[in-house]
Structures are given as C-alpha cells and as structure tokens.
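These notes are about the structure you will find just below.
Naming: A, B, ... by sequence-line order, numbering from 1 per chain.
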There are 2 protein chains.
Amino acid sequence: MTDFLSTSIKYYLLHATKGKATASLDKIEVKAQAAESKKASKAQTPQAPAPEDQDEDQDQFGRNQKELLELCKRRFFYRQSSDIYGGVAGFYTYGPPGCAVKNNIISLWRQTFVISEHLLEIEDSCIMQHSVLKASGHVDRFNDFMVKDVKDESKFFRADKLLEEVMEAKLQTPGITEAQRHEYTTVRNQADAFSQKEMWEMFQKYEIKSPETGNDLSEPYEFNLMFPTPIGPGGYLQGYLRPETAQGIFLNYKYCLEQNSNRLPFGVAQVGRSFRNEIAPRAGLTRQREFTQAEIEYFVNPKQKDHPKFGLVESTVLTLFHADAQLSAQDPVKMTVGEAVRSGLINNETLGYFIVKTWQFLVSIGLKKEYIRFRQHLPTEMAHYACDCWDAEIFGSYGWLECVGIADRSAFDLTAHANAAKCDLQYKESLEKPFEREILVLTKKSGVEIMKAFKKDGKMVKEFVEAQPQEELECIAKQLDSSGDAEVQIDGKAFTLTKGLAVFERKKEKVTVNAFTPGVIEPSFGIDRIFAMLLEHVYSARPKEDQDDKQTRGVLSFAAASAPYKCVILPLDQRIARDKRYLQMLDSFQRELCEQGLSFTSDESNATIGRRYARNDELGVPFAVTFDFETMEDSSVTLRERDTMWQIRLQLSLLGELLRCLCKGSESWQSAFQRFPHKKTSNEEFRKD
Amino acid sequence: MTDFLSTSIKYYLLHATKGKATASLDKIEVKAQAAESKKASKAQTPQAPAPEDQDEDQDQFGRNQKELLELCKRRFFYRQSSDIYGGVAGFYTYGPPGCAVKNNIISLWRQTFVISEHLLEIEDSCIMQHSVLKASGHVDRFNDFMVKDVKDESKFFRADKLLEEVMEAKLQTPGITEAQRHEYTTVRNQADAFSQKEMWEMFQKYEIKSPETGNDLSEPYEFNLMFPTPIGPGGYLQGYLRPETAQGIFLNYKYCLEQNSNRLPFGVAQVGRSFRNEIAPRAGLTRQREFTQAEIEYFVNPKQKDHPKFGLVESTVLTLFHADAQLSAQDPVKMTVGEAVRSGLINNETLGYFIVKTWQFLVSIGLKKEYIRFRQHLPTEMAHYACDCWDAEIFGSYGWLECVGIADRSAFDLTAHANAAKCDLQYKESLEKPFEREILVLTKKSGVEIMKAFKKDGKMVKEFVEAQPQEELECIAKQLDSSGDAEVQIDGKAFTLTKGLAVFERKKEKVTVNAFTPGVIEPSFGIDRIFAMLLEHVYSARPKEDQDDKQTRGVLSFAAASAPYKCVILPLDQRIARDKRYLQMLDSFQRELCEQGLSFTSDESNATIGRRYARNDELGVPFAVTFDFETMEDSSVTLRERDTMWQIRLQLSLLGELLRCLCKGSESWQSAFQRFPHKKTSNEEFRKD
C-alpha cells in the first residue's frame, strides 16, 4: 500500500500554484517509464508555502476571468465549436479577432525562430500511419485510466480526475480530523500517478460509485488518447491523427539533413494542429482535443551541445525554479542563464539558448515578465531518455500553467524510427584524423561455407552474421569457443552455427568516419495556451465612473505586434460616413495601410464615437483614426491611443508612416504625442506645448 | 440503356484538355442532385477540337514535369509523407522550400482577400460532429462508387477509374472499328457520371474482372469519402474530419454577423486542412487525402448582388470559357468582366468581382496569365441550389486543372444548418418604410380555450399554432371550415383542433422588418494545386552548354513574393567563411534582413561559387549576395539576380534597402543594374556605364 505519511511532489506543485485544474503536467512527453517515475515521486516530501502575493494575483486573474470570458464570447475571440448545434467538449473556434491574434503569435514565432535561427520549417500530414506511432511509443503508452458505470456504459470517467473530485468533496466535509485532511489531500495529489492496481485499490477503499447513478464502477482500464481513423477504403491501414507535431519532424530528419549540406547542428520546425482525445476536456482553451503546436527539433552532436550564439544571451536574467528548489521547498531563483549553464543547473548551452529565446518570444508578444518562470522537471518526471527538461510556465487564473516545454530528448526518437523503419538515421562525420582499430570478421572461406551449409537461407545467414555489431560478434565467437555452437535468430527462425562452420579472424580497420545518432533539443510551444494566457495578461477593466456605474469597460492592451488589428477607422458620424470626400480619402488611406502591411478594421455604425472607442478597446486595437468635419476641409485626422486614451491631430498623409513606426516600436507614443498637437481628454482643445 | 450515339460534355472537356487525370471536376460541390445532373449531361453533344499549340505546351509541361519532380524530391520541396516507412498514398510532406513557398502563397492570399477585402477570418476545428455533416449533405451524398475483388477483399477499385482504364486499354487495341472507338471513348468519358445501376451494367457488359487476380468483382457500392473518427472515450459521438473548410464558416455565420454590426454584405474566410479519403489518390499534390483549402463565404442579400468596388475591376479582360461555348464547341473568349456581367454571362457583380480578385491573386503569386482561364459550370454540372459557378483553371502537365471554384451557392447551406440545428439564421433588415399587411391570428379567447382543452399539452399546442407561418394557418383555417376539424403534429404526437376550439381572426400588422436567409458567393481555393501549378509555370532548364552536357540546370523563377527565401548569402570560399570580419558583417546584415522581414538562407559549403549559384537557382532564390576578399577590405558585395544571372557591386550598407525595394517591386532589377557598377557574365570586370 501507498505510504500516506509522505506528501507527494505534486502536492507541493499544486499547493504552490493554488489551482486545481492547473499545473497538472501535460503529456508533451510520452509516458515512457511512467510507472517507475510515478512510484519514485511518491517517496519525496517537499513542503509547500505559497507566496501571499501570488495568491492575490491569482485571485485577481480569477475575478477578471469571468469578465474576460464574457468579452471573448461576445466579441467572438473564441467560442465552442459548432455552438449552434450545442457544441462538443474540447473543440473551439477562433473568431475574427482571436484568429488574427493567434496568427500574429504564430507569425512572430516564425520570425523569432524559423527566420532568425535559420530553422528548416516543414509541413507534415495530420493523419499518420500506425507503424510510425507504434515506433514512437504513442500506440502503447499514450494512455489515461478510465472507469465505466457498470450498468450504463455511456457514463465514463477519467479515473484520476474522479478520484480527485471525491477527495476534494471529502476535504470539504465539516469536522474531519487533521489526519483525514492529510490523507485525502495526499490521495488527491497523487491521483494521476497511481498504477492501475493502486488506482483500483483506492476506488475500492473509498467505495467510489458512479457519480450520477450510484452504480458500481468498472476496474480502471487504459484508454489511448489518439483519435484513430482508417486510411483508404479497405479499412486495412490503421491511421491516427497525430498527437504531436514532433514526430513528423523525426520522420523527415534525414531529408532535412541533406538540405543542410549534411551538417550538424541544425533545427527543423513545424507548426500545426495536434489531436488528443481527452477523456474529460476542461479548462477552456488550455486542454483541447484539437490544438495548435509549434515545435522545434534542434539536432546536435550529443558530445557538442554548446551553441555559437550563447554568448549573446548569457547575461539574460530569468526566474528559474530548479528541481532542487522544488524538492527542498525553496522559492524559484533569479539568475543569469550563463551562470545556470556554468553551474550545471541547465544541462547545456543549446538548452540554455532556447530557454532564453523562448523567454524573449513570450515577452515580445506581450506576456508579463514577472509572470513567466522556467520550472525544471524533477528527475522522476522526465522520460528515461531525457537528460534535462524545463517548462516555461505562465501565471494566470489557472495558477502556473505549462505553456512551453524545452527538453533535451537525446537520441530516443531517431533511434526508435531507425529501428522500426529499418533505415539508417546515423550521422556520419568524416574524422579529421582517421585511426586504425582491430575488428572481428568472418573469414572469407567461412562465409562461403555458411552459404553452402544453409542452402536457400545461406546468403541471408551469412549477411546477418556479417552485419552484427562488434559486441555481438564477440559473444558469438566466445560461445562457439566454449560450447561448440551458437544459435542465431533471423526473422523468428533459428539457425545453429558450429565452431567449424563459423570462423572469425581479427583484422585492422581504418576508421575515417564517426557515426552517431544525433541528440535533439526540443522546444515545444502550446500556441492555444500562450494565447489564453496572453489574454489574461493584457486584460483590465477601466475604473468605474461612479458608484452606480454598472458597465464593465474591458480593455485588451495587446502589444501592436499581437493586436488583431493595428488601427480602427472611424467616421465621426453618418454624415461623414456618406461624404464622397471621406470615401476617397478612405480608399487611398486603406491602400497605404495594406502596403505597409498594417491590418485595420473600421466601425461605421451610428453608435457615439465614445462608444465606438470603447468597443475597439475591447478588441485590443491600439490606435483609432477619426475622420470628422475638419478632415473634410483640411485633411487632418485625430489619432487616439488605446491605453492612455490621449489623442493627437495630424495630416492624414503623415499617418501611415507614423502608424508603421508606432507599431514597429521605432517611435513611442509619448514621442508622437509631443510632436503633434495633442490633448489628454476628449473635452480639451488640441494644443501644441 | 444509355445512348452511346451521343458523346458527353465530359468528352469535350477531357479532349480539350488532353489529360486523363485532369479536368475531372472536383467534389468542391457536394454531389447534390447528382443523379439528375449526370443524366442530363449525357444528352449533350459538344464537339472537341483541341488547339494545336495547347498540345505542344502541354507536351512541354509534360517533359519538364519529370525534371521538376526529380528537383522537388532532391531539394525537398515535397515528398510522400513518412517516406522512411514507405509512405502512404495521398499524403505529402512539404519540405523547407516547399513549406516556405506554400506559406507565402497563403500569406499573399490573406493580404489580397482577408486584409484588402476586410474579411472576417476564423479558425474552426478539423474534427466535426456527425449532425453538422449530416445537415450539410456530406454524410449521405459525399460518395464514390467502389468495386471489390470477391475473392480478395483487400483489392478494391474506384469503379469509374477502373472503367476508364479498361476503356483506355480497349482504345489502344489495334484494329478497332470507328464505331468501337466511339463507343469506348464515350463510356470512358461518362464513367464518373453513371448511376450505380448503369455502372454495374457497364461492368457486366464489358465483363470487367479484378485487374491482378482476374477474379469477379462485386456490384458497385457507395463509399463515403470522409474520414470517420470517434470523439470521446465512449465512442458514442461520431465525428469526421472535415471534407471542406466551408462548413465551419456556415456554423459561425451568426456570430460573425454580430461582429459585423449586423450588416450585410460581409465575407468570412478560413484557411486550413481538409480531408478526403480518396479511394485511389494519384496525380501527386493535386489529389491528396489531406490538403489545404482557403475558402471565403461572402454573405449577401440575395436581391442585392452588386458590389461597391465592381467599378474598379470591370475593365479587366479575362479568358472566359462560358457554358454556351463549351456546348457549341467554340473557343473561350476574352472579354472584360464588366461586359460579362452586363450581358448576363456572369450572373452578378459580386461573382464577377471575386473572379477578378482571384485572377489578380493568381497572377500576383507568379502564375502565367496565358495559362489561366475561367470555365463556367454547365447547368448540368451545378448543384441544384447554385445559380452560377466558375472555375479558375490553370494549364500545365495535367491539362487545364481546376484550382479555384467561385460559386453562387444561394442560401442552401445556411438553410440546411438552420433547420438541423433548429436555430434562426435569418437576416433581419429594418425596413426604411414599414408597411401594413393583413394577417390571420388565433383569437385571444381561442388561445385560452386550447390551453384548457389539451391540459398539460395545452400551452405547447397553443404556442405551436401561433408560431405557424401564414400559409400554414390559412390551410388550417380552410380545413376547419370545410371538414370541421384539423390535425396538427407536434414532435410526433397528433392533436385534433375542432372548429369551435380554434378560432381565427384577421388583423392588421405593421411590418418593420424584412427577414431572409442570405445568399452566399463562395470563392474556394485549392492551395496545394495552386502550389503545384506555380512550380510548373516557373520551372525552366537553362540551355545546355554543349551537346555532351548531360547536366540539367533547373531554375525556378519564382516572383520574389512567393520565393522560399528572398536571398542567399554566400562567402566566396572557406577562408572568407572563417574570417572574423565576415562573421561580424554577416551578423548585422542578417539582423537587417530580419527587420525588413526578408527571409534568407546561406550556403557556406565548399562547393564552387558557380555550383552554389546553380543550387540556389534550383530553389528559386531570386538574389545571391557574395562576400569576397574585397568585401573584407571595403565592405562592398556582389549581388546576382537569378534569372538574368547579371551581377552588380555595391556597399553592404545599401543592400538591405535595395533588396526590400526589389522584392516589393518598387525598384526593378534593370534599374538597379543601371545604378550600380555591373557585369553580365562572371568573367567580365564590373563597370559603370
């Protein structure tokens, strides 16, 4: 039985992040060796005080979230897919402003990684065949435990989530003892780490029944999270929707290496949809059944993980929540990445480089620095093949949420595919100084004898023996020496070699090539989670005008680069909107914006100008251009900035270039405000200081 | 039996395009009323002379295609997905240059349509639930006919394709009579229009057997082309991968209308993957099982299909292959779109406007004007609800290939979803001049009586009667008058109204709102087909240097906007590549390119500079920048243009801005060539005219 006296690591994480639907680690890593890792994790005993101010911040995010969700639905940033049909859990549709923001995030990601880091971007298919996902481990290990109502099979539950809920309910029961509180808390926090057997024991111990019917539940069983689909009309070729975009990169490593003139290191990127058939999707955009990933596999010589551009980033200070700190209940630390790599906290320069690039990217789209941290995976959390892994966690109403994983996955995936597809994915590096070594080989004569001895299988047996690695040949030779014969298995058939038949000799071989399977550093971005967190970070409500004011005036203060539209065009009223001069000026101004690559929208409705400003503040449009009666006379327009609500007055002919500079960041709003006649409230007159 | 004396319309199309895998119309339209259309089409008798020069052009494309395919694979523009596992038919992976070109095409599409036309772009899910695709008609009608080998069920064939192949083989038999030739040709060209019964008759008549085994074949049966996948762990919710992106737009019409301040007309766009489980995918990228669509639904008042910007495009001259010309074996005509709309050839201005915008888009990405035409659907090809439809066809090795469909689909889809989802998708327009009309209503007293009479169902019956449309109420009233009672069905239950119970009166009603379901114009782009045709149009091989020259020097002359990289950076040799000064200059130059948004690549391999120029010509990179020993001294570099192979010499500090202008088109290469010291071959010295 499990030891309930020790609290788990997850307890610490959960407590520290004060959320239920929160830091639960994503399945970015296949649950390889999950059983071992899970058991080990239970032995740890971290403590868990949550910083007070973090609690307050999260409460603020929680309060905002309700308004924000209402805003997102009303302005169609996103909503449940096929909503007119009642929707399906886990699927969302991005509406116009949401789609634009998401596209901007992806476009900035391409700029930061693909273009600036010279990555090779590919686009693979969403449907993948069985053999690929069998090799990657997803067919066998990409599972969650489920339980079913034994009398109503349409009722099923994710076992760990149901167990958590039952414990949560017990914790709310008045008058429980401290020992009970401790026990229930521990079980709740360990729920997703139990083995099948342990899970079933918990369900029996607490006599957990089907929630609505009270019927008995089945034993927990594994449910594969991939969406299956048959390929072709015969239905004989099993396909799945990819559970991650990374596998498509490994499949094409070989061809990308060719395009990179057969040189290491190099990175390959892919952006696209991934699909996971979650048993009980919830928490909005952050756990969808269909979601967008942006992944990079950066292939390196496993012995050379330094990065040529590390020097450019090493002085960057980041908040690092390293494994030791988590285990000893310390706070995250702030330190430079250079220090972290030199001290061995971060395994290598390439990993460190991508951690900084990730941070730069997240900040560039408008996330708040103080709410970004990097949490190292505990040794027990990592897949057995990974040597270090850091998650970029972003703070919001869900607590600290994993949004990016940056892992050193070693050579696991390439090796798995090379074996399964029987193709050589080794990197061959010409040695500057070739050297000689002694190797064991079958004698020529013995080869001929073997060919004769096994008749029609002869050639196959000979080639099989010749292709064995050195260690294997040494074993065979040793066994022949000691017992006189040795058996080899070829495609399930056994062949017995005898001492007289298989004769080996030692030869000198010149080694000119160093062959190895590249290691890989994998930065993996959950675009929808980043999108959801960005909305939380940029949302605020304007102060109420007086006590009776019931209106919530939401503002999304997007950075220009991620804003859905860079400006909104507003005719002062319907008289302007119908004026021929307006239409002419509008046409040429719109052309100019298009040429500058600045997206825009317009609002020609007959709402008051103040109401329309407020509407576009909700959309997060940074600038509003108003055409009024003066514009018709002297071609001057008013430009209003969203966050300050200040206005300037300038000639329309100057506006395109000014907007380009403001959006690009080469001129600040403060500076533009000084340069042109301006005012801070609508009631003032424009004036030049 | 089918009348073999008349040739079909498809014969004409096929003959005119001289391809087999070609003009076969895509299933962009659900095969609504397919049976009727197909039958009708057989009655037509067009003739079919193919222009001589078109044959030659197609032969040239055909010859190039082999080299082009080799280039595309070698340089990884694209290749079969999971190729290291042997691949799966119908799935492709875009490699780095292909992915970049495809992204550029999509980005130019967004610029041309979403930004310039103020469309609302959304992003819906790929997995859709059964009820949505049932309503759209895809569950019932999105089928192809299949036949199976009766003794080996792993062998199956698309019935029409197999029939075509059998006829093709018969046509190749020496010594067939003219009557036979005519018969086989006709059957071949009608193959995809046969009903299940007719298809089976053909298979029996020609005693068609399973190709490899010679076994008998099953009767043809329908195979649905959607990929099914279960949603959620219960497997009770049937899902499908969307067969087109359009449906996601219809589902969100209502919410997009709200964002457009409830005003018509407006357009909604979506770019993304669609999935069709083709029985026998072939013809490379042009018929994939997973492909990228970019679709627009432009919602209009069905009585106001004029377009405010039509005046800007009406003088555009296009090649139009209208239905009458097809039916009377005439050539396509060149005419202005204004003329075509005024003469009624193109149904309305909005359709005409999007035809021109489509043409502008295709030309802007680099397709050749002379190889783009617009073919009108024959009345028999169109879905019953469509009122006009034009395909943008692009000429290449497949003949004329449909790449974009621009259809007026009327209100079919919105009406279908409104009925299925039981939600109101009507557009309500406030009338400027409200009017009065007489309507029939249940008297207040009668309402109360009905409530009492039907007890617990009373409220439901009363509300049901009150909600009936006027025509229905008139029927009920008439029946009550004539027979004394009338039955109404509510959710499958019958209720009998009697004359005394249901009493109607006529009242005046003020009508202030005009309600209607919007019509829709749908431009639908097949991005992968456009990509494939673009490669064919921009490919050429440089002339051989002498007779013995076996090397093929392929060049992809992409427009800068669609080129995978805008420039390649080349150090003259390894000495330069390792020079610190080079690395410094490179770093700041790359930063500048990034800021300008110009993508670039570099080739630091030790191949000769000529070899490296050639390699990048293959990739279609328009400009090459060479750093040499002089660069180390005076910071001047050589800029080479891909198509002319001419070179200019200029200061590195001027290059970023020059490249921006050259790529944007604001300066021509000819002009830059004049402005700077230049040479036309490598052996010359740079000189200033």
Honestly, the part of B:N277 sitting under 4.5 Å from a heavy atom of chain A is side chain
Turns out that what part of B:E121 lies under 4.5 Å from chain A's heavy atoms comes down to both
d(A:I122 CD1, A:I249 CD1) to nearest 0.5 Å is 5.5 Å
Among B:M146, B:R79, B:H118, B:E258, the residue with the most heavy-atom pairs under 4.5 Å to chain A is B:R79
Whatever's closer than 4.5 Å to a heavy atom in chain A on B:A418 counts as neither
d(B:F600 CZ, A:I115 CD1) to nearest 0.5 Å is 8.0 Å
dist A:D144:CG -> A:L225:CG (nearest 0.5 Å) comes out at 4.5 Å
Salt bridge between A:K664 and B:E595, side-chain N to carboxylate O under 4.0 Å? no
### Message
Using a strict threshold of under 4.0 Å (side-chain N to carboxylate O), is an ion pair present between B:R158 and B:E278?
### Response
yes
Using the ring of each side chain (for Trp, its six-membered ring), is B:Y94 parallel, tilted or perpendicular to B:F531, with breaks at 30° and 60°?
perpendicular
To the nearest 0.5 Å, atom CD1 of B:I527 lies from atom CG of B:L285 at 12.5 Å
Note: vs chain B, highest number of non-hydrogen pairs under 4.5 angstrom among A:G90, A:A420, A:A280, A:G248 is A:A420
- prompt: Thinking salt bridges, do A:E604 and B:R263 make one under a 4.0 Å N-O criterion?
  reply: no
Cut-off 4.5 Å, heavy atoms of chain A, and the answer for B:F156 is side chain
Ranking A:P233, A:S261, A:S125 by heavy-atom pairs under 4.5 Å to chain B gives rank one to A:P233
The interface call for A:F223 against chain B, heavy-atom contacts under 4.5 Å, is side chain
If one checks every heavy atom of B:N224 against chain A at 4.5 Å, the contacting part turns out to be neither
Answer key: most heavy-atom pairs under 4.5 Å with chain A among B:G597, B:G239, B:S131 is B:S131
Cut-off 4.5 Å, heavy atoms of chain A, and the answer for B:Y78 is neither
Q.
In this structure, is the centre-to-centre distance between the rings of B:Y85 and A:H417 below 6.0 Å?
A. yes
Assert top hit (heavy-atom pairs under 4.5 Å, partner chain B, pool A:K254, A:M128, A:K102) equals A:K102
Under 4.5 Å to a heavy atom of chain A? For B:C594 that would be both
| task | Scan side-chain atoms only and decide if A:N616 and A:Y565 contain a donor-acceptor pair under the 3.5 Å cut-off. | result | no
So, the part of A:F91 with a heavy atom under 4.5 Å from chain B: the answer is side chain
Report yes if the side chains of B:V114 and B:V271 come closer than 4.5 Å at any heavy-atom pair, otherwise no. no
Bottom line for B:R74: the part with an atom under 4.5 Å from chain A's heavy atoms is backbone
Counting heavy-atom pairs under 4.5 angstrom with chain B, the leader among A:L120, A:I127, A:V132, A:D83 is A:I127
Given B:S107, B:P230, B:S116, B:P97, the one with more heavy-atom pairs under 4.5 angstrom with chain A than any other is B:P230
Checked B:G232, B:C423, B:S81 vs chain A; the most non-hydrogen pairs under 4.5 Å come from B:G232
Answer key: most heavy-atom pairs under 4.5 Å with chain B among A:C256, A:G86, A:A269 is A:C256
In this structure, CZ of A:R75 is separated from CG of A:L619 (nearest 0.5 Å) by 4.0 Å
Applying a strict 4.5 Å limit to non-hydrogen atoms, the region of A:A89 in contact with chain B is neither
Max heavy-atom pairs within cutoff under 4.5 Å with chain A, candidates B:C126, B:G98, B:S82, B:G95, goes to B:C126
Applying a strict 4.5 Å limit to non-hydrogen atoms, the region of B:L593 in contact with chain A is neither
The interface call for B:S602 against chain A, heavy-atom contacts under 4.5 Å, is neither
Of A:R110, A:K73, A:K148, A:Q270, the largest count of non-hydrogen pairs under 4.5 angstrom with chain B goes to A:R110
Test your reading of the model: is there a side-chain donor-acceptor pair from B:N104 to the backbone of B:A100, 3.5 Å cut-off? yes
Whatever's closer than 4.5 Å to a heavy atom in chain A on B:L119 counts as neither
d(B:N262 CG, A:S605 OG) to nearest 0.5 Å is 10.5 Å
Exercise. Taking 4.0 angstrom as the limit, do A:E123 and B:R273 come out as a salt bridge?
Worked result: yes
So, the part of B:F76 with a heavy atom under 4.5 Å from chain A: the answer is both
